[in-house]
Each structure stands twice: as structure tokens, then as C-alpha cells.
Amino acid sequence: MAVSDPTQSTYFYDLLDAVQRTYGLGDQWQKIAQHTATPEEMYNILKQTNGVSIVTNKNNEVVSWTVDTTVFNKSSSAITDIGNTANSNLVPATSSSTSLTTVKVPAYSAIEEGEFTEIRSGATKYYQDASGVEQSTNANVVAGQVMGAVAGAASLAQLGFTVTEKLYEKYPDFFETNNLQIFSPQAWNEIASSGTKFGDVINVLFFGDDETTEAANKNKNSIYLEDKALAYMALYAASKGIYDPDKNYTLDSGTIESSGVTANVTVSPRINYGVAKNAMSATFSVGGSDYNALTYKVTFADGGFGDIYYWSWYDYSTTAVSQSVMTTREAYIYRKYSRQDDSHYNLVAQSSAGSKKPLNNIYRPSLGGYSILPYQPETAFTPLIGAARTDDELQIKSTITFSDGTVYKNNNELAVAALLANNFTKTVGGVEGIDKQVDATQANVSSATDVDSMLSVLKNTYPELWQNRIESKVVQPDGSNKTFTYLPVPMPTGGSGAQPTTEGATQNNSTLDPESDDATDKQIATSVQPFIGEAVAGIISSITPTITTNPDPTGEGDTPAIIIPTGTANALWSIYNPTLAQVQSLGGFLWSSNFIDQLLKMFTSPMEAVISLHKIFATPSINGAGEIKVGYLSTGVTDVNLVNKQYITVECGSVDLPEYFGNVLDYKPFTNISLYLPFIGIVTLNTADVLRSTISVTYQIDVLTGACLAQVNVKRDASGGVLYQYTGSCAVEYPLSAGTYLGAVSNVLAGVVSGGVRGGSLFGEAGLIGGALIGGVTGAMNGGVDYPRSGNFSGNAGAMAIKKPYLIISRPQAEIADTFPRIDGYPTNYSTTVGACSGYIEVEGVHVENINATEDELIEIETLLKSGVLV
Amino acid sequence: MDIKLYVNNSETNQIGKSLTNEIVYTGSLRGEASVIKPTMLVEAENISNYNYAYIPEFNRYYFIKEIVSVRTGLWRLSLRVDVLESFKESIKNLAVIIKNTEVIATNNYMGSHVWQTNVKNTTTIVNFPDGLLDDGEFILITAGG
């Protein structure tokens with residue numbers, strides 16, 4: 001989720017280094033080093049310095065200057081274990097997430113009396129000393145960007161809320177960029193920068209090493225979020241209702257309309273408990289028929305859990321149908337009956353089709369006898385519904401009126417029964433999955449109507465945030481300076497970048513140690529949000545529903561398990577793993593007169609007893625040591641490792657392969673990916689197959705023959721398997737006779753002549769150039785065709801080559817115009833209305849209708865929309 | 001009829017233009033007039049600084065295509081309707097499929113001419129952490145067990 005290296009300190013010298021690499025030690029470098037550049041000069045110098053980037057918000061204000069140290073020091077991707085990410089599409093590209101440092105760029109020049117004075121650094125950390133006096137120090141911070149969702153969750157954590165996975169079960173797009181952005185586009189543009197396909201990013205600072213003050217160290221691992229971003233997220237979340245105080249309404253009396261009959265209901269006080277969401281269905285069989293027993297999980301006032309069971313039963317004698325709500329702790333049967341004598345009641349289960357069957361083991365009052373599960377006490381009951389039903393199957397289409405006047409209409413019989421049975425308290429407000437932290441302070445945001453007013457509210461509520469702020473003065477293109485204020489917020493560590501959860505991140509714990517595993521388990525607030533079917537739908541009506549017409553963009557499935565055969569016919573041959581010295585000793589014995597005399601009694605040639613001597617480039621599986629025996633003759637060469645398995649596996653490890661550009665340029669025909677495999681050669685991989693994945697290479701080697709099989713496992717979206725397999729030979733044969741030598745040489749020559757037919761695909765697929773894949777592609781002048789990078793690497797040739805696999809990634813150099821979003825726009829294929837857009841749009845399709853204009857005007861409207869308009 | 005003149009600094013394809021320096025004149029149509037391309041005569045000292053107009057009676061906004069000084073104090077304006085401004089509220093309600101966008105629903109993974117590259121490339125090598133042995137192991141296979 002976070003995309004920076006917090007261990008790096010700010011180094012002005014990194015900036016100087018970058019300037020030097022670009023300009024040398026000339027005038028530009030000296031002006032930066034000696035702080036004699038005017039703001040305009042500095043801006044122009046840095047803007048063209050290789051490796052130095054400016055980060056702007058969407059209003060094109062410069063937010064920070066960064067130095068990409070990986071330009072000079074190749075470092076590994078900040079992304080790890082991509083393969084196990086549930087949705088690889090959410091892994092950010094490395095070119096926008098390389099290790100960055102916020103540079104202490106000279107932020108402003110103080111002009112006094114017509115002359116430039118000291119140019120100071122940009123970032124200042126404020127804190128309070130032991131006496132409560134505000135102090136300041138240079139801030140060693142690292143610039144970074146996080147997805148909007150992460151900033152949102154971090155904000156909520158600081159504001160005294162927890163975010164759990166439950167939020168995304170119902171509202172998967174709660175923090176989706178469009179939802180955040182559309183909320184207040186103008187304010188959004190002040191805090192966000194354009195990100196990748198997956199939305200805008202929020203600029204943050206990560207605290208690096210700072211040993212100057214204890215206070216600074218306390219917040220060592222906090223992230224610092226711009227104050228306006230915090231206020232924005234607070235305003236956004238408030239609009240969704242998370243700040244609404246719990247409102248509890250008690251149903252102590254109500255009106256139920258059932259089949260047109262109105263009856264007053266009085267519910268005797270019962271244990272107050274809320275009803276948790278998600279009914280669980282259970283089926284049971286009675287007399288061979290299956291019935292559904294709907295249950296709800298409930299929490300009792302003393303914190304215990306139980307289930308509510310709902311039955312409706314039919315009275316054969318009176319034809320009265322009643323409802324029952326029973327819990328696993330206490331059973332209260334509320335019945336509708338037409339006579340006082342309940343001795344003839346039989347409890348039955350009612351199927352959805354209406355057929356009724358008696359249940360076994362049902363407690364029947366006044367008859368004593370067997371208990372039921374759940375247990376029903378012998379207590380007096382209060383009539384639930386006074387009116388008799390009119391048909392065999394009770395169907396309640398009920399309205400329930402709460403004491404606050406709210407009316408729920410509910411078709412759910414169970415809901416009705418549960419509400420009535422449990423002296424239901426309705427809680428409104430809030431968003432499921434966002435709960436209040438215990439012992440946290442939530443601000444009173446009722447007066448906040450915009451970002452500025454929310455900012456005021458937060459300042460008054462959380463003054464300690466501003467006491468520990470970081471201010472960054474950043475020079476702008478016009479030479480002015482803009483001050484950005486960043487506040488410490490806890491970094492969420494759970495979930496994903498698009499759906500983060502605030503595990504371990506709380507208002508009182510902004511010191512988050514990323515290396516610690518003290519993050520608590522998912523914590524759910526003690527207040528349980530009631531959820532009964534449609535009743536809650538109206539509470540969250542303001543959240544924009546997501547309409548998904550495209551399939552889930554993640555893969556699934558794994559290839560079958562690899563099972564290596566076992567067992568060897570070790571009665572027919574013996575396999576040894578001798579050292580060089582042992583081989584030489586064996587050779588001496590083989591050609592001794594004593595051995596030859598003995599062996600000639602069994603073999604025509606002594607070499608018939610030695611089947612093979614070769615080298616493999618893997619460690620065989622050894623089980624003990626022994627003496628080399630040739631044709632059952634002892635050779636006297638002892639303590640030789642005995643190989644006990646014919647097949648061995650060599651793991652070459654794995655690498656992550658994230659996108660680099662985060663756009664089309666990562667894929668063919670622009671980017672090509674090849675893989676060098678020892679003893680096989682260089683093979684071409686399909687870029688679309690392997691990007692956004694974790695690639696691992698495994699060799700299966702036949703010790704007996706030297707045959708090797710390289711398996712390329714591609715894991716993506718937490719699934720995948722062996723997508724590529726290549727064969728080769730990793731055995732180097734040693735000549736034991738003239739015949740064996742000639743055979744080895746001919747094999748080598750055959751491999752050379754064939755030019756690489758063995759060992760996998762050495763001539764990769766031709767790339768697609770021009771309009772076949774991507775319409776109007778230009779500039780892909782070298783990326784379309786794969787050129788063979790190697791020939792056959794089997795056996796003897798492979799022994800002289802590199803023994804570790806490596807990827808060769810050939811990428812283009814982008815020449816994307818900075819202003820293209822405004823002039824040409826990003827590509828898209830999105831359905832919306834013109835009014836919901838902002839900025840430049842070109843329309844693909846539109847029906848110009850409901851406009852009172854002439855035909856020519858209508859045609860012109862369509863033409864203009866399709867040629868591009870500004871909204 | 002009245003004609004309101006403005007200075008328009010927005011792009012011609014902007015929906016919702018920024019109009020300033022409003023001034024109202026009374027003008028007369030010159031002969032038969034098209035609602036889409038009217039020509040009006042306006043008495044005024046100097047209106048050469050204006051480039052945009054609104055005619056309430058036609059309920060339309062116009063680009064000023066040409067300003068001709070007929071004589072001192074009399075100007076002839078050739079206008080062309082600006083459909084985007086005249087019908088902007090209705091246009092905003094139109095359901096569309098957008099194919100290029102600056103802000104909303106941007107997609108970095110669809111083809112477009114904006115993804116430009118030069119003829120050069122960069123090569124990145126990513127090594128796997130492990131591999132086969134640099135030095136091999138002898139394997140001797142002899143007849144007999």
C-alpha cells in the first residue's frame with residue numbers, strides 16, 4: 001500500500017548528485033550547491049535534472065520534489081510477493097513507486113534589500129519540548145504516495161474509527177477513487193495527484209531516521225498526511241453517516257398489520273440485545289422432508305451469544321398458526337391462539353410451500369415431557385397477535401412503527417418475530433464495517449460543511465496533531481512558495497491498498513512499527529449494528545451503488561501438483577557421487593592389471609562395467625557412503641557418496657515482476673520479457689502472462705541421464721502454476737572410451753547445427769506492430785519483434801554458461817507528453833453523463849435527445865462531443 | 001431586440017463558459033435572420049473588444065464571427081450559435097460513452113496514441129536468487145548393484 005522506503009533519510013546530497021550527473025559540476029550544480037539560484041532558476045534546473053521529479057497535485061501545484069535514487073542505485077522493487085496478492089491489478093507500477101526521498105530543496109529565498117539571503121530547506125518538524133514550548137527541527141522525511149483508500153483508512157483511524165473487512169463486503173467501493181473524487185472535485189484536486197489506472201494518489205511523508213529529538217523519534221514510523229486530506233476524508237466519511245451518534249429506538253409497542261387485520265401488540269420486557277446481521281440458514285429433516293430453520297445470531301446484554309430460531313406452527317385442532325421465537329438460552333414462545341387451553345398445541349415446522357409436519361421432541365406445555373432444543377421454560381406468555389388468522393398459511397406483510405415514528409415495512413416473518421420478541425432497539429447511523437474505537441475521541445463535525453470548516457473542527461479537537469506537524473515549503477513554478485502541512489496519522493496495515501483495514505492502527509497508537517507484529521486481530525466495536533434485511537437499506541442510501549458489467553479481472557486455478565517418480569532399479573546399476581580424487585583413484589584401479597584380469601572373465605571390455613561418468617550441476621540426493629564396485633568387483637575406492645534418488649529438484653527461487661510504467665507500455669509490443677535458463681537457453685515469455693506476478697523457476701533433474709526440465713511457475717492473483725516448461729540436458733559427459741568420446745562430441749555438434757531447436761522456444765512470438773492490437777500505435781519501432789538471444793545450451797555448452805536463471809526485460813523509453821490528459825485525454829470506455837465528467841472528454845457514443853434545438857444544432861452537438869469538449 | 005455582449009476567455013469547446021464584461025445593447029436583425037447565424041446591427045461607440053453574445057429572444061449564445069463598422073456608431077455583428085453554451089444543461093444530462101477523458105475513469109491499459117515512445121529501449125536484468133551449481137558433481141554409474 002505504501003510506496004516509499006521509510007529508512008531513507010533526506011539527503012540534499014542526493015539532489016546534488018542528481019544535478020551533477022545531469023549537468024556536471026557546472027553553473028547549474030554550483031547554483032544549487034551554493035544556494036545562489038533564484039527560485040525560478042532552481043525550478044528550471046531541477047525540472048530537467050535526470051532522476052528528480054516534481055510531484056504535483058491535480059491543481060498543478062508542486063507538492064514535493066523527489067529524487068529517485070534507483071536511477072543511480074538499482075534497487076529491487078518495493079513490491080514483494082505479488083503472486084499472493086488477491087488482485088494483481090491493484091499492485092502499483094514501480095516507476096511511480098520507486099524509492100523516493102523528499103529532498104530538502106531550497107524552498108524559498110528571503111530577499112532583503114534587493115539581495116538573496118539564505119535559502120532554507122523545505123521540511124520542518126514541529127514538536128513541543130518538556131516545557132510545552134513549540135520547537136522545530138529539520139524534518140528527515142521521505143516523500144511517498146498512497147492510494148486514496150489508504151489515506152482514507154488512516155484518516156479514520158486517527159479520527160477514532162476502525163475499518164474492518166465488513167465494510168468492503170457491503171461497500172467494496174467505499175474508498176474507490178471516483179467516489180472520493182466526485183464527492184468534492186475541487187477540494188480533491190488540492191490534495192491528490194494523478195496516479196495509475198487505479199486512481200489518484202495522496203501525497204504523504206514518511207518519517208525517516210531522526211535522532212535529534214525524542215519527540216521526533218516517537219513519531220518515527222508514522223505517516224504524515226496533508227491536513228487538508230485528513231479534513232477531506234473526515235468530511236467524506238461524515239457524509240456517509242459514520243459520525244452519526246447511535247440512536248436507539250425501543251419498540252415497546254407497535255402496530256402490526258397482518259393480512260389486513262390490525263392488532264395492537266404489547267411486548268413484555270425481555271433481554272435487550274441487538275440482532276446481528278446475516279441470517280444463517282440451517283436445514284433439518286422431519287419425516288423425510290426438509291425444512292429451513294432460519295436463525296439469527298444475537299448478542300445478549302451480558303455479552304453472551306446465542307441463536308434465534310423461528311418456527312411457525314400449526315394447531316391441528318384450532319387451525320391457528322402461531323409463531324415462535326426461541327433462543328438457545330431462553331425460549332419464549334409467542335403464540336397466537338384462539339383459546340386459552342394450549343394443551344392441544346402441536347408444534348410443527350412449516351415449510352415454505354406451506355406443508356406442515358410435526359416436530360419431534362417438542363416441549364408441550366402442560367403435558368410435561370421432553371425438552372426441546374432450544375429449551376423452553378414454563379413461563380407465562382404474552383399474546384403476540386390477538387387476531388386469529390384467516391388462512392392456513394400465515395403470511396405477514398407487516399409494518400412496524402418505532403417510538404421515533406419510523407416505519408419499517410418488512411416481508412420477513414423472521415424479522416418481525418425477532419423484533420417483537422426481543423424488545424428490539426433500533427440503532428441508526430454509522431456504516432457497517434466502520435466502528436468507533438474504544439477510548440477514542442470523535443470530533444463533533446455537525447458544523448463542518450466544507451474542508452476548511454472541517455479543518456477548523458479537527459484543529460480544535462486534536463491540537464496535538466498540529467503540535468507535531470511537519471510543514472513543507474515548496475517552490476512553485478512562478479517562484480512563489482506554498483506551504484503544505486502534514487499531520488501524523490497511523491498507517492493501516494491490514495487488507496489491501498484498495499480495501500485497507502485499520503488493524504493495529506488507532507488514534508492512540510500513531511507509532512506504528514512496520515516490523516512489529518503487534519497488530520491486533522480484527523477488532524469489532526462493541527456496538528453491533530442491527531441488520532435486518534431491507535430495513536437497513538435506507539440508512540446507507542447515500543452510498544453510490546456499483547454496477548459491474550465486466551467480469552472479475554483476476555485469474556484463478558492452479559496447475560496440478562508435480563509428482564516426481566521414485567524408485568530405482570539399483571540391482572542393475574549403482575550410482576555414485578565421487579569426488580575428483582575418487583574418480584582418479586578409480587581410474588587407476590580400472591587400468592591395473594589385477595582388475596583387468598579379473599574383469600575379462602566377465603566382460604569383453606572392462607569399460608562395459610562402467611556405464612557412465614558425467615557431471616551434473618546439482619547436488620544429488622545422497623544416502624550414506626560406500627565402496628565403488630564395478631561389475632561386482634571391489635575397487636578399493638571407498639567412502640564414496642551413494643546416490644539414492646534418480647530425480648532431484650532444484651529451486652531457483654522467485655522474483656516479483658510488477659508493472660513498471662503502470663500502463664500500456666508494460667505490455668507487448670512495447671515491453672518484451674525473456675528468461676535465461678541454464679542448460680536450456682533464452683526463452684521468450686508472454687509479457688501478459690508474467691507481468692504482475694511472482695515467477696519461480698524449478699529444475700527437475702534426472703541424475704541418471706542428466707536430462708533436466710525447467711518449470712516456470714507463474715503465480716498471480718493468488719493462483720497459477722507452471723505455465724512454461726523447457727527441456728535440456730545438464731550432464732557433461734566424460735569420455736571413458738573412444739566410442740563414448742565420439743558420441744559426446746557428436747551430440748554437441750548436433751546441437752550447434754540445429755541452431756536451437758532443443759531447449760524450448762528460442763525464437764519468440766513476433767510482436768504485434770501497428771493497429772492489430774493497439775490502434776494507432778506509434779513509436780513501437782523496436783518492440784514488436786523478438787530477436788533470438790541464444791542458441792542451444794545443453795550439456796557441455798551449458799557447463800560454460802551462467803548457472804542462474806535471470807530475466808531480461810526490454811522496455812521502451814516513454815515520450816509521453818505531460819499535458820496529454822488535458823489535450824488528448826486518457827483512453828477509456830466509460831458510461832456516464834456529461835455532467836458527471838470534468839475536464840476534457842471525447843465521446844465515443846451518444847444519443848442527442850431531449851434537446852429543443854434545430855437539426856443542425858443537434859448534429860453539431862454530437863460532432864462537438866465526439867471531437868472533444870471541456871466540462 | 002436586446003443583445004448581450006460578453007468577453008469570452010474560455011475555449012470554444014468549453015461547456016459552461018466564463019463570460020465577463022457583460023453589456024446590453026439593443027440591436028436589430030439585418031433582413032431575414034437565421035436563428036443559428038444571425039446578423040445584427042448594433043448602435044454603440046465601440047464593441048470591437050467583445051467576442052461573444054447572447055440573444056434572449058432566441059435563447060441562444062453566439063460566437064461573434066465578424067464585427068464590421070458600418071459607419072460611426074453603427075456595427076454589424078455576424079454571429080454563429082454556440083450550441084454547447086446554449087444547451088449546456090441539456091447536454092450535461094446526456095448519457096454518453098466517453099473514449100478519452102482527462103479526469104473521470106481514466107484507463108492506462110487501453111490503446112491510444114498518447115502512449116508515445118522513442119526508438120530507444122532500456123534493458124533490465126532481474127536475477128533469480130538461486131540456480132544450479134557452478135561446479136558440477138560427478139555421477140558414476142557402474143554395472144551391478
Side-chain angles (χ1 to χ4, degrees), chain A residues 197 570-571 573-576 578 609 611-615 617-618 630-632 652-653 655 663-664 678 774-776 779 781 803-807 809-813 815 820-821 824-828 830-831 833-835 837-846 851 857 860-861 869-871, chain B residues 10-11 13-16 35-36 81 83-84 86-87 89-145:
Chain A
K197 164 193 176 183
N570 53 9
W573 62 73
S574 299
I575 309 176
Y576 304 91
I611 297 174
S612 170
L613 176 65
H614 58 267
K615 257 190 178 181
F617 290 80
V630 176
Y632 297 97
C652 298
V655 295
N663 59 34
V664 152
I774 299 173
M781 299 178 65
K803 305 298 190 307
K804 273 188 186 179
Y806 57 88
L807 289 168
I809 306 171
S810 178
R811 296 190 176 103
Q813 293 188 6
E815 291 289 352
F820 85 86
D824 289 324
Y826 288 89
T828 186
Y830 187 66
S831 299
T833 60
V834 174
C837 301
S838 65
Y840 178 77
I841 62 168
E842 270 180 52
V843 167
E844 173 69 34
V846 60
I851 298 180
E857 289 173 323
E860 187 178 0
I861 290 172
V869 296
L870 297 166
V871 184
Chain B
S10 300
E11 289 90 338
N13 61 346
Q14 173 81 47
I15 298 177
V35 171
I36 295 177
V81 68
V83 293
L84 293 181
S86 300
F87 306 104
E89 296 306 323
S90 298
I91 291 173
K92 286 182 179 180
N93 291 330
L94 290 176
V96 296
I97 298 177
I98 49 177
K99 67 174 182 180
N100 287 303
T101 175
E102 179 182 357
V103 176
I104 300 295
T106 60
N107 190 323
N108 283 8
Y109 298 92
M110 296 178 66
S112 170
H113 65 278
V114 302
W115 311 120
Q116 293 282 347
T117 62
N118 59 35
V119 296
K120 299 187 284 184
N121 74 345
T122 61
T123 301
T124 302
I125 304 295
V126 180
N127 292 306
F128 280 77
D130 296 302
L132 304 181
L133 298 177
D134 288 329
D135 247 344
E137 292 280 347
F138 280 107
I139 299 295
L140 172 70
I141 306 174
T142 63

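Since the structure is predicted, the reported quantities are computational estimates derived from the model, not experimental observations. Heavy atoms only: backbone and side chains are in, while hydrogens, waters and symmetry mates are out. In what follows, chains are A, B, ... by sequence order, proteins preceding strands, each numbered from 1.
For the residue pair A:Val871 and A:Cys837, the shortest heavy atom distance occurs at CG1-O, 3.3 Å. Residues B:Gly131 and A:Cys652 come closest through the heavy atom pair CA-SG, 3.7 Å. Minimum heavy-atom separation, A:Ile861 to B:Phe87: CD1-CD1, 4.0 Å.
The contact between A:Tyr830 and chain B is made by backbone and side chain atoms together, counting heavy-atom distances below 4.5 Å. Residue contact with chain A, scored on non-hydrogen atoms closer than 4.5 Å, involves the backbone and the side chain of B:Asn127 alike.
Ranked by non-hydrogen atom pairs under 4.5 Å with chain B, the options A:Gly835, A:Gly839, A:Pro805 are led by A:Pro805. Note: B:Val83 leads B:Val83, B:Val81, B:Ile36, B:Val35 in heavy-atom pairs under 4.5 Å with chain A. Across A:Leu807, A:Thr828, A:Val846, the residue that shares the most heavy-atom pairs under 4.5 angstrom with chain B is A:Thr828. With chain A as partner, the option from B:Glu11, B:Glu89, B:Lys92 having the largest number of non-hydrogen pairs under 4.5 angstrom is B:Lys92. Per-residue heavy-atom pair counts under 4.5 Å with chain A were compared for B:Ile15, B:Ile98, B:Asn13, and the maximum is reached by B:Ile98. Note: B:Ile97 leads B:Ile91, B:Asn93, B:Ile97, B:Asp135 in heavy-atom pairs under 4.5 Å with chain A. Between chain B and the options A:Lys804, A:Lys803, A:Glu842, heavy-atom pairs under 4.5 Å are most frequent for A:Glu842.
Rounding to the nearest 0.5 Å places CG of B:Leu132 at 9.0 Å from CZ of A:Phe617.
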*asked:* Run the side chain to side chain contact (heavy atoms under 4.5 Å, CB included) test on A:Val869 and A:Val843 for me, step by step, so that the C-alpha distance in whole Å, both residues' side-chain angles and the decisive distance to 0.1 Å come before the verdict.
replied: CA-CA 9 Å; A:Val869 296; A:Val843 167; 5.8 Å; no

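Remark: aromatic rings of A:Phe820 and B:Trp115 are close, center separation under 6.0 Å.
The shortest side-chain heavy-atom distance between B:Phe138 and A:Leu613 falls under the 4.5 Å cut-off.
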